[in-house]
Amino acid sequence: MKLAAIDIGSNAARLLITDVIETNGGKPEFVKVSLVRVPLRLGFDVFERGSISEERLDKLIKTMQSYKLLLDVYDVKHLKACATSAMRDAQNTKEVLSRVKEETGISIEVISGQDEASFIHENHVADNLNSDESYLYIDVGGGSTELTLFTDGKMAFKDSFNIGTIRLLKNQVEQSAWDEMKDAIKNKIKGYHHITCIGSGGNINKIFSLSKRKEGKSLSHETLRSYYKEFSSLSVQQRMSLYNLREDRADVIVPALLIFINVMRWADAEEIFVPKIGLADGLIHILYDEVMKGK
């Protein structure tokens, strides 16, 4: 059975197509068939001007039309499409969703920050973790950062903060937002036994790739600080040429590192694992459960 999820974030829109293989009596296997990313950067409109421009809406519609063709080619029967921070904040969200539905047939659901934080639970990432440890999942996006704490094999805390890479680039994050995140970590997370972080998002994946670490190995807090210092001293063009980064990655990687560094410091976490999972993966698991219930 082929399932697909579309994650429309503040920086990019992703289409994930997954083949679910049923096993005899065991858990189903989720095999990635295709992952397509288009840097729509909706947050550049929304966090500066409050709404999505006609030009960017046109790009969103063309992206969804392209995704629709891929869904047809792969013979995908079930799709879940969600939008996050930028679409939550846009003044013209209703009009945008209506136009996309009218011109592509794709219905997009705008999910809350709390839903976004809890969807990581659907990745079943906690199933493979040491139940004697506490794990803080950090998902950094263009418009918001979601934190989810697993301890003793259960979800103990989840929250969403309007601190994201594009908001930081556009100087749209007040000190009070940082204080709110810091207080939440100090009050809700600190005090649990030894905390290890799990990172999600294109930026931490890129850092992990650049570090040449073997899959399954962690990155240290010190390593992230070193990359932050290095990238901060370079222009966007220099980051692109020296590290072979796309422009839409080269500009947001510094604010992303700042978020990860601060969260880890406030949580007293020394290392972070990067398992290459994100919101789209969680949506696939939710969709699978919905399909199975409907049978």
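- Taking CG of Leu35 as the reference point, atom CD1 of Ile17 lies at 9.5 Å (rounded to 0.5 Å).
- The salt bridge (Lys or Arg N to Asp or Glu O under 4.0 Å) test applied to Lys217 returns no partner, not counting sequence neighbours.
- Each of Tyr192 and Tyr135 belongs to its own hydrophobic cluster when Ile, Leu, Val, Met, Phe, Trp and Tyr are linked at side-chain heavy-atom distances under 4.5 angstrom.
- Ionic pairing of Lys77 and Asp75 is present here: one or more N-O contacts between side-chain nitrogen and carboxylate oxygen are shorter than 4.0 angstrom.
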Exercise for the section: Output, in order, the C-alpha distance, side-chain angles, deciding distance and verdict of side-chain contact (heavy atoms from CB on, under 4.5 Å) for Asp268 and Ile195. Expected result: CA-CA 7 Å; Asp268 282 339; Ile195 289 177; over 6 Å; no
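- Hydrophobic clustering places Leu258 together with Val263 (ILVMFWY residues linked when any side-chain heavy atoms are closer than 4.5 Å, directly or through intermediates).
- Using a 4.5 Å cut-off on side-chain heavy atoms (C-beta onward), Lys188 and Leu149 make no contact.
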Problem - CA sep, side-chain torsions, deciding dist, call: Thr223, Ser220, side chain to side chain donor-acceptor pair (under 3.5 Å) - result: CA-CA 5 Å; Thr223 298; Ser220 69; 2.8 Å; yes
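- Closest non-hydrogen pair, Thr84 versus Val110, comes out as O-CG1, 4.5 Å.
- Note that CG of Leu219 and CD of Glu270 are 13.0 Å apart. Values are rounded to the nearest 0.5 Å.
- Here the options are Val96, Ile6, Ile8, the test is side-chain contact (heavy atoms from CB on, under 4.5 Å), and the partner is Ile108; only Ile8 passes.
- For the pair Leu224 and Lys229, the minimum side-chain heavy-atom distance is 4.5 Å or more.
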Practice task
Decide yes or no on side chain to side chain donor-acceptor pair (under 3.5 Å) for Gln114 and Ser160, but give the supporting numbers first.
Solution key: CA-CA 6 Å; Gln114 287 289 332; Ser160 176; over 6 Å; no
Handout entry: Intermediate values then yes/no, side-chain contact (heavy atoms from CB on, under 4.5 Å), Arg249 and Asn203
Key = CA-CA 7 Å; Arg249 177 68 64 216; Asn203 292 293; 3.2 Å; yes
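- A heavy-atom distance below 4.5 Å is not found between the side chains of Phe273 and Cys197.
- Between Phe47 and Ser10 the shortest side-chain heavy-atom distance falls below 4.5 Å.
- The CG atom of Leu257 lies 8.0 Å from the OG atom of Ser232; values are rounded to the nearest 0.5 Å.
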Listed pairs under 3.5 Å, donor-acceptor, residues 86-93 side chains, sequence neighbours left out:
residue : atom : partner : partner atom : Å
Arg88   : NH1  : Ile111  : O            : 2.8
Arg88   : NH1  : Glu116  : OE1          : 3.1
Arg88   : NH2  : Glu116  : OE1          : 3.2
Arg88   : NH2  : Ser144  : OG           : 3.3
Asp89   : OD2  : Arg167  : NH1          : 3.2
Asp89   : OD2  : Arg167  : NH2          : 2.6
Asn92   : OD1  : Ile52   : N            : 3.0
Asn92   : ND2  : Ile52   : O            : 2.8
Thr93   : OG1  : Met87   : O            : 2.5
Thr93   : OG1  : Ala90   : O            : 3.0

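- Rounding to the nearest 0.5 Å gives a distance of 6.0 Å between CG of Leu15 and OG of Ser34.
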Practice task
Just do the side-chain contact (heavy atoms from CB on, under 4.5 Å) check on Trp178 and Ile259 with the steps written out, would you?
Solution key: CA-CA 9 Å; Trp178 284 113; Ile259 296 169; 3.9 Å; yes
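- Checked by atom type and distance alone, the side chain of Arg239 pairs as donor or acceptor with a backbone atom of Ala250 at under 3.5 Å.
- Residues Glu146 and Gly113 approach most closely at CG-O, 3.8 Å, considering heavy atoms.
- A donor-acceptor pair under 3.5 Å links the side-chain atoms of Asp45 to the main chain of Ser53, judged by distance alone.
- A salt bridge links Arg41 with Asp251; the closest basic N to acidic carboxylate O contact falls under 4.0 Å.
- Side-chain contact between Ile185 and Phe157 is absent, with no heavy atoms from C-beta onward closer than 4.5 Å.
- Counting heavy atoms from C-beta outward, Thr18 and Val33 have side chains that stay 4.5 Å or more apart.
- Side-chain N or O atoms of Thr104 include one that pairs as donor or acceptor with a backbone N or O of Val100 at under 3.5 Å.
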Exercise for the section: Please lay out, stage by stage, how Tyr288 and Phe30 fare under the test ring pair (Phe, Tyr, Trp, His ring centres under 6.0 Å). Expected result: CA-CA 10 Å; Tyr288 174 75; Phe30 293 81; 5.5 Å; yes
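- Between Asp281 and Lys32, at least one side-chain nitrogen of the basic residue sits less than 4.0 Å from a carboxylate oxygen of the acidic one, meeting the salt-bridge criterion.
- Ser66 places a side-chain N or O within donor-acceptor distance of the main-chain N or O of Lys62, the cut-off being under 3.5 Å.
- For the pair Tyr137/Ser200, a side-chain contact is recorded, criterion being any heavy-atom separation below 4.5 Å from C-beta on.
- Side chains of Ser107 and Lys101: a donor on one and an acceptor on the other come within 3.5 Å.
- When all heavy atoms of Arg56 and Leu40 are compared, the pair lying nearest together is NH1-O, 2.9 Å.
- In this view, Phe231 and Tyr227, Tyr243 satisfy the ring-ring contact (aromatic ring centres under 6.0 Å, His included) rule, not counting sequence neighbours.
- Checked for salt-bridge contact, Arg99 and Asp58 miss the test: no charged N lies under 4.0 Å from a carboxylate O.
- Separation of atoms CZ (Arg37) and CG (Leu16) is listed at 14.5 Å; rounding is to 0.5 Å.
- Remark: the backbone N or O of Ile261 is paired with a side-chain donor or acceptor of His221 at under 3.5 angstrom.
- Residue Met64 comes nearest to Ala13 through the heavy atom pair CE-CB, 4.4 Å, listed as atom of the first residue, atom of the second, then distance.
- Taking the side chain as every heavy atom from C-beta outward, Ile138 and Leu147 approach each other to under 4.5 Å.
- Ion pairing of Glu222 with Arg225 is present here, as a side-chain N (NZ or NE/NH1/NH2) and a carboxylate O approach within less than 4.0 Å.
- Without hydrogens or angle criteria, Thr145 side chain to Ile163 main chain gives a donor-acceptor distance under 3.5 Å.
- The environment of CD in Glu215 is sparse: at most 12 heavy-atom neighbours from other residues, nucleotides or ligands sit within 6.0 Å.
- Ile284 and Tyr74 are not part of a single hydrophobic cluster, where members link through side-chain heavy atoms under 4.5 Å apart.
- Heavy-atom contacts from other residues, nucleotides or ligands closer than 6.0 Å to CD of Glu174 number 12 or fewer.
- Linking Ile, Leu, Val, Met, Phe, Trp and Tyr residues whenever their side-chain heavy atoms come within less than 4.5 Å leaves Val274 and Ile277 in two separate clusters.
- Taken to the nearest 0.5 Å, the CE atom of Met155 stands 13.0 Å off from the OG1 atom of Thr151.
- Nearest heavy atom pair, residue Trp266 against residue Met181, reads CZ3-SD, 4.0 Å.
- Put simply, the side chain of Ser211 gets close to the backbone of Phe208: a donor and an acceptor are under 3.5 Å apart.
- The number of heavy-atom neighbours closer than 6.0 Å to NZ of Lys276, taken from other residues, nucleotides and ligands shown, is 12 or below.
- Nearest heavy-atom pair across Lys80 and Leu283 is CD-O, 4.0 Å.
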Exercise for the section: In sequence, state the C-alpha distance, the side-chain angles, and the governing distance for Val20 and Glu29, and then conclude on side-chain contact (heavy atoms from CB on, under 4.5 Å). Expected result: CA-CA 6 Å; Val20 184; Glu29 288 182 35; over 6 Å; no
